[in-house]
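Written out below as structure tokens is the structure these notes cover.
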Amino acid sequence: MAFDVETMPAREGTASNEPTEAVVPVRARRLRGCPAAVTVRLEPPPPVSPQNPRIGNPTPLGLFAFGLTTGLVNVHNAKICPLNTSSMGLVIFYGGLTQFICGFLELVNRNTFGCTISTTYGAFWLATAALFMIDVNGNNQTMVMANANYTGGYFLFWFFFAGTLFCCSIFAPLMCTLLMFLVPLNFFMQSISFFTGSVTLTKVAGYEGIIVGCLAFYLGMAFTFEDVYKRRILPVFSHDRQFRNWKW
């Protein structure tokens with residue numbers, strides 16, 4: 001039994017900037033006892049996008065990693081308890097390595113913004129772990145501990161980077177925009193505390209960092225619930241429907 005194959009022209013994009021379809025093959029088969037051909041339309045697979053990813057959404061995992069690590073490290077900055085091996089293990093493997101991997105998964109999903117955030121902050125936490133764990137007490141002759149002014153400049157550069165991300169999050173849900181605002185504020189306060197040597201400002205930055213961690217953890221919960229229950233459980237205060245599915 002023979003098949004007649006023909007192609008149909010591509011459909012023009014709509015006013016909503018919908019991508020134009022490729023040429024769609026149409027296969028016609030004449031059934032026994034049926035004078036007319038039955039046409040079967042072979043639809044192309046939907047394009048890959050943050051709304052239709054190749055893999056699961058890594059955004060909640062990145063937010064959990066960022067939130068939990070940020071909150072616990074800033075407990076040390078707020079002078080509530082000293083930095084310890086439990087915190088450093090979390091910084092390396094959860095805040096650093098896990099978030100770094102999430103960034104590349106965001107790249108697979110064609111989410112450039114999420115990739116930039118997760119990969120960079122994952123590397124930041126790995127660098128922070130190295131900052132506290134490298135032995136510079138006379139055993140390493142090629143490296144010395146950075147002074148206060150250099151460390152203040154270090155956090156100042158991170159303030160400019162985080163400020164850029166805040167500018168990119170203006171149209172995100174309000175909770176995400178608030179998170180992107182509080183992160184550069186934390187870097188700025190830490191920078192000024194190193195420049196001035198203010199212990200009080202360091203404590204304030206620590207408490208503000210705990211709030212940042214809690215907010216990121218909340219967003220991780222919100223996006224996880226939304227993915228599991230297919231509806232918004234915890235509010236993130238989207239501007240409108242256009243940004244309902246905005247990711248990290």
Side-chain angles (χ1 to χ4, degrees), residues 59-100 102-103 114 116-133 146 148-169 172-223 236 248:
T59 300
L61 178 58
L63 285 166
F64 279 130
F66 179 80
L68 190 57
T69 307
T70 302
L72 289 183
V73 170
N74 279 280
V75 168
H76 156 69
N77 291 336
K79 310 301 180 183
I80 298 175
C81 69
L83 193 62
N84 52 64
T85 54
S86 297
S87 298
M88 293 312 299
L90 185 76
V91 169
I92 295 173
F93 291 103
Y94 199 42
L97 185 61
T98 300
Q99 199 172 177
F100 194 79
C102 284
T116 302
I117 293 177
S118 293
T119 305
T120 305
Y121 283 139
F124 167 79
W125 285 122
L126 290 174
T128 301
L131 179 67
F132 286 101
M133 297 182 67
N149 288 333
Y150 186 92
T151 307
Y154 171 82
F155 282 107
L156 187 62
F157 277 112
W158 279 104
F159 161 74
F160 288 122
F161 170 78
T164 302
L165 297 181
F166 166 69
C167 294
C168 296
S169 67
L174 295 180
M175 296 291 284
C176 298
T177 304
L178 178 61
L179 177 64
M180 293 294 101
F181 170 76
L182 293 178
V183 171
L185 179 61
N186 183 265
F187 283 134
F188 183 74
M189 288 193 294
Q190 291 192 61
S191 175
I192 298 302
S193 69
F194 276 102
F195 282 133
T196 61
S198 174
V199 177
T200 301
L201 188 57
T202 301
K203 290 183 179 181
V204 172
Y207 284 107
E208 193 266 355
I210 295 174
I211 297 175
V212 171
C214 293
L215 181 57
F217 198 89
Y218 172 86
L219 287 171
M221 292 173 58
F223 289 137
V236 295
W248 192 201

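Computed over heavy atoms, backbone and side chain alike; hydrogens, waters and symmetry mates excluded.
- Closest non-hydrogen pair, Met189 versus Val204, comes out as SD-CG1, 4.0 Å.
- The local environment of CZ in Phe195 is crowded, with over 12 non-hydrogen atoms from other residues, nucleotides or ligands closer than 6.0 Å.
- For Asn149, there are no side-chain hydrogen bond (donor to acceptor under 3.5 Å, both in side chains) partners, not counting sequence neighbours.
- At least one donor-acceptor pair under 3.5 Å links the side chain of Asn186 to the backbone N or O of Ala205.
- Residues Val75 and Cys81 share a closest heavy-atom pair of CG1-SG, 3.4 Å.
- Here Phe161 and Phe124 keep their ring centres 6.0 angstrom or further from each other.
- Not one N or O on the side chain of Ser118 forms a donor-acceptor pair closer than 3.5 Å with the backbone of Phe100.
- Counting non-hydrogen atoms of neighbouring residues, nucleotides and ligands closer than 6.0 angstrom, the CZ atom of Phe93 reaches no more than 12 such neighbours.
- Within a 6.0 Å sphere centred on CZ of Phe188, other residues, nucleotides and ligands contribute 12 heavy atoms or fewer.
- Distance alone, capped at 3.5 Å, is enough to place a donor-acceptor pair between the Gln99 side chain and the Gly95 backbone.
- The closest side-chain heavy-atom distance from Ile92 to Leu97 is not below 4.5 Å.
- For the pair Met175/Leu179, no side-chain contact is recorded, criterion being any heavy-atom separation below 4.5 Å from C-beta on.
- A donor-acceptor contact shorter than 3.5 Å links the side chain of Asn84 to the backbone of Ser87.
- Listed for the Thr70 side chain is no donor-acceptor partner under 3.5 Å among the backbone atoms of Gly67.
- A distance-only check finds no donor-acceptor pair linking the side chain of Ser198 to the backbone of Ser193 [under 3.5 Å].
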